[in-house]
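If you're wondering where the values come from, they're calculated on a predicted model, not measured in any experiment. Side chains included, hydrogens not; waters and symmetry mates left out as well; all remaining heavy atoms used. Whatever order the structure lists ligands and atoms in, that order sets their numbers, starting from 1.
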Amino acid sequence: MSLIVQKFGGTSVGSVERIESVADKIASFRDQGHSVVVVVSAMSGETNRLTDLAQQVQQSPTPREMDVLLSTGEQVTTALLSMALIKRGLSAKSYNGRQVKIVTDSAHTKARIKHIDDQAIHADLAAGSVVVVAGFQGVDEEGNITTLGRGGSDTTAVALAAALKADECQIYTDVDGVYTTDPRVVDSAKRLNQITFEEMLEMASLGSKVLQIRSVEFAGKYQVPLRVLSSFVEGPGTLITLESDNNMETPAVSGIAFQRDEAKLTIKGIPDTPGVASKVLGPVSDANIEVDVIVQNAAADGTNDITFTVARNDLARAADVLENVKQELNAVEVLTDDAICKVSIVGVGMRSHAGVASKMFATLAELSINIQLITTSEIKVSVVLDEKYMELAVRGLHTAFGLDGEPVLAQA
Ligand code: ADP
Ligand code: ASP
Ligand code: MG
């Protein structure tokens with residue numbers, strides 16, 4: 001008999017019918033004798049709907065009030081799912097983040113979990129109940145409701161699995177596992193039987209939103225066995241593992257990630273002197289704007305250009321900051337571009353394969369796609385491109401690195 005934490009995402013609990021079928025699934029796990037803790041998201045579209053409502057009242061609501069509002073979505077699904085379980089003759093109890101308690105820091109709308117009080121859950125499990133917990137939310141030391149950032153129910157599930165020392169954390173979603181790239185963009189994407197934590201972390205941070213980044217960090221840190229599966233079709237899903245599978249030749253590239261919502265800024269003609277990068281990027285970071293790719297290029301004439309990318313919705317603020325920097329440093333000009341994307345190839349196999357980056361560049365050249373920026377790490381190469389080439393680039397690279405399979409997407 002094992003203890004399993006199962007998380008069901010928005011589409012999986014998107015209607016009463018779907019909540020009923022999730023209840024059937026949980027009931028069959030209980031029949032097999034497993035103890036089950038369930039984490040649920042809000043019904044699909046609900047978090048966006050609540051965000052829109054807030055915006056109708058106030059352009060930039062305070063993060064504290066946003067958290068009070070957004071946390072309601074998950075509370076609805078916990079109660080409905082518990083009712084559906086009770087209707088099936090099971091014992092079930094729903095909890096919101098504050099009741100559990102899932103204690104977080106006070107960084108509203110992007111809070112981090114500090115600890116979880118698991119006593120009540122253990123007591124309920126011992127009494128034979130299914131425990132249904134609201135994902136995405138917690139409470140800070142002062143009792144304020146917090147939320148964990150978009151996609152945060154994944155992190156609630158993994159954190160609970162770590163705290164309860166569960167045998168496995170299962171993330172049920174609308175695809176049947178982690179694919180070589182988003183199967184909604186590339187038909188021939190293949191489901192991976194397994195992927196390492198390291199690769200999954202890169203994929204998630206480079207734009208594959210199938211798992212929230214922090215959930216993968218948590219699972220790696222606390223060694224939580226983590227699996228991504230479909231709520232709608234049976235199958236083994238994808239296991240996130242510590243080591244790559246040694247039985248098979250490790251491919252150079254395991255997956256391709258992409259991100260559309262980025263923007264690029266360039267400040268041209270600044271002095272090529274010590275401290276100039278800090279003078280440009282310091283004020284950006286002081287304005288709480290997260291910077292992604294940074295490229296600095298010193299010209300032969302003693303001037304310097306710095307280009308960097310930010311989230312698209314931070315572009316206007318970042319451009320304002322750079323205009324001030326431009327005055328201060330007597331720079332030539334500030335350029336902005338909000339029609340870029342980032343495409344990345346990821347794989348632990350890159351450590352042992354040569355020529356991976358050059359193959360990527362050659363593939364893009366054959367497709368006549370211009371590369372604007374390049375950044376690399378040990379297990380990834382990312383390029384910034386004109387947004388209109390994103391799908392073409394992802395498909396071309398998917399084929400070039402031998403990732404294509406039969407179109408087998410199992411989806412909702
Ligand atoms: P949930 O609401 O269940 O949390 P999400 O929408 O957050 O679901 O995540 C599932 C989605 O992630 C899929 O529908 C798919 O479009 C997308 N996705 C992006 N990259 C990948 C990938 N490499 N493998 C599988 N799914 C991916
Ligand atoms: N409901 C939240 C969101 O849409 C959290 C989640 O689903 O994981 O981002
Ligand atoms: Mg999600």
Validate the cation-pi geometry between K359 and F401: distance from NZ or CZ to the six-membered ring centre under 6.0 Å, angle to the ring axis within 45°. yes
Please determine whether a side-chain nitrogen of the Lys or Arg among R312 and D338 lies less than 4.0 Å from a carboxylate oxygen of the Asp or Glu. no
What I want to find out is whether R49 reaches E46 closely enough, with some N-O distance under 4.0 Å, to be called a salt bridge. yes
Is there a nitrogen or oxygen of S153 sitting under 3.5 Å from a nitrogen or oxygen of ligand 2? yes
With heavy atoms of R150 as the reference, note each atom of ligand 2 found under 4.0 Å away. 3 (C), 4 (O), 9 (O)
F308 and side-chain contact (heavy atoms from CB on, under 4.5 Å): which partner among V284, I289, L373? V284
Which of the atoms of ligand 2 are close to S41, meaning less than 4.0 Å from one of its heavy atoms? 6 (C), 7 (O), 8 (O)
So what's ligand 1 close to, N/O to N/O, under 3.5 Å?
{"from": "ligand 1", "atom 1": "2 (O)", "to": "G10", "atom 2": "N", "distance (Å)": "3.2"}
{"from": "ligand 1", "atom 1": "3 (O)", "to": "T173", "atom 2": "OG1", "distance (Å)": "2.6"}
{"from": "ligand 1", "atom 1": "4 (O)", "to": "K7", "atom 2": "NZ", "distance (Å)": "3.0"}
{"from": "ligand 1", "atom 1": "8 (O)", "to": "T173", "atom 2": "OG1", "distance (Å)": "3.1"}
{"from": "ligand 1", "atom 1": "14 (O)", "to": "D174", "atom 2": "OD1", "distance (Å)": "2.8"}
{"from": "ligand 1", "atom 1": "14 (O)", "to": "R184", "atom 2": "NE", "distance (Å)": "2.9"}
{"from": "ligand 1", "atom 1": "14 (O)", "to": "R184", "atom 2": "NH2", "distance (Å)": "3.0"}
{"from": "ligand 1", "atom 1": "16 (O)", "to": "D182", "atom 2": "OD1", "distance (Å)": "2.9"}
{"from": "ligand 1", "atom 1": "16 (O)", "to": "D182", "atom 2": "OD2", "distance (Å)": "3.3"}
{"from": "ligand 1", "atom 1": "16 (O)", "to": "R184", "atom 2": "NE", "distance (Å)": "3.1"}
{"from": "ligand 1", "atom 1": "23 (N)", "to": "Y179", "atom 2": "O", "distance (Å)": "3.0"}
{"from": "ligand 1", "atom 1": "24 (N)", "to": "Y179", "atom 2": "N", "distance (Å)": "2.9"}

Are any of the N or O atoms of E74 closer than 3.5 Å to those of ligand 2? yes
Quick check: does G151 get an N/O under 3.5 Å from an N/O on ligand 2? yes
Test salt bridge (charged side-chain N to carboxylate O under 4.0 Å, His left out) on R351 and E198 and set out the steps. CA-CA 13 Å; R351 292 195 175 110; E198 213 181 352; 2.4 Å; yes
Is it true that E141 and K114 make a salt bridge, defined as a side-chain N closer than 4.0 Å to a carboxylate O? yes
Looking at E168 and R227, is there a salt bridge between them, counting it only when a charged N and a carboxylate O are closer than 4.0 Å? yes
Decide yes or no on salt bridge (charged side-chain N to carboxylate O under 4.0 Å, His left out) for K209 and D154, but give the supporting numbers first. CA-CA 11 Å; K209 298 205 170 86; D154 298 334; over 6 Å; no
Would G152 count as a contact residue for ligand 2, given that I'm defining contact as a non-hydrogen atom of the residue lying under 4.0 Å from a ligand atom? yes
Could you walk me through whether T146 and T104 pass side chain to side chain donor-acceptor pair (under 3.5 Å), step by step? CA-CA 7 Å; T146 55; T104 71; 2.7 Å; yes
Test of understanding: given a 4.0 Å heavy-atom threshold, classify the contact between E46 and ligand 2 as side chain, backbone, both, or neither. neither
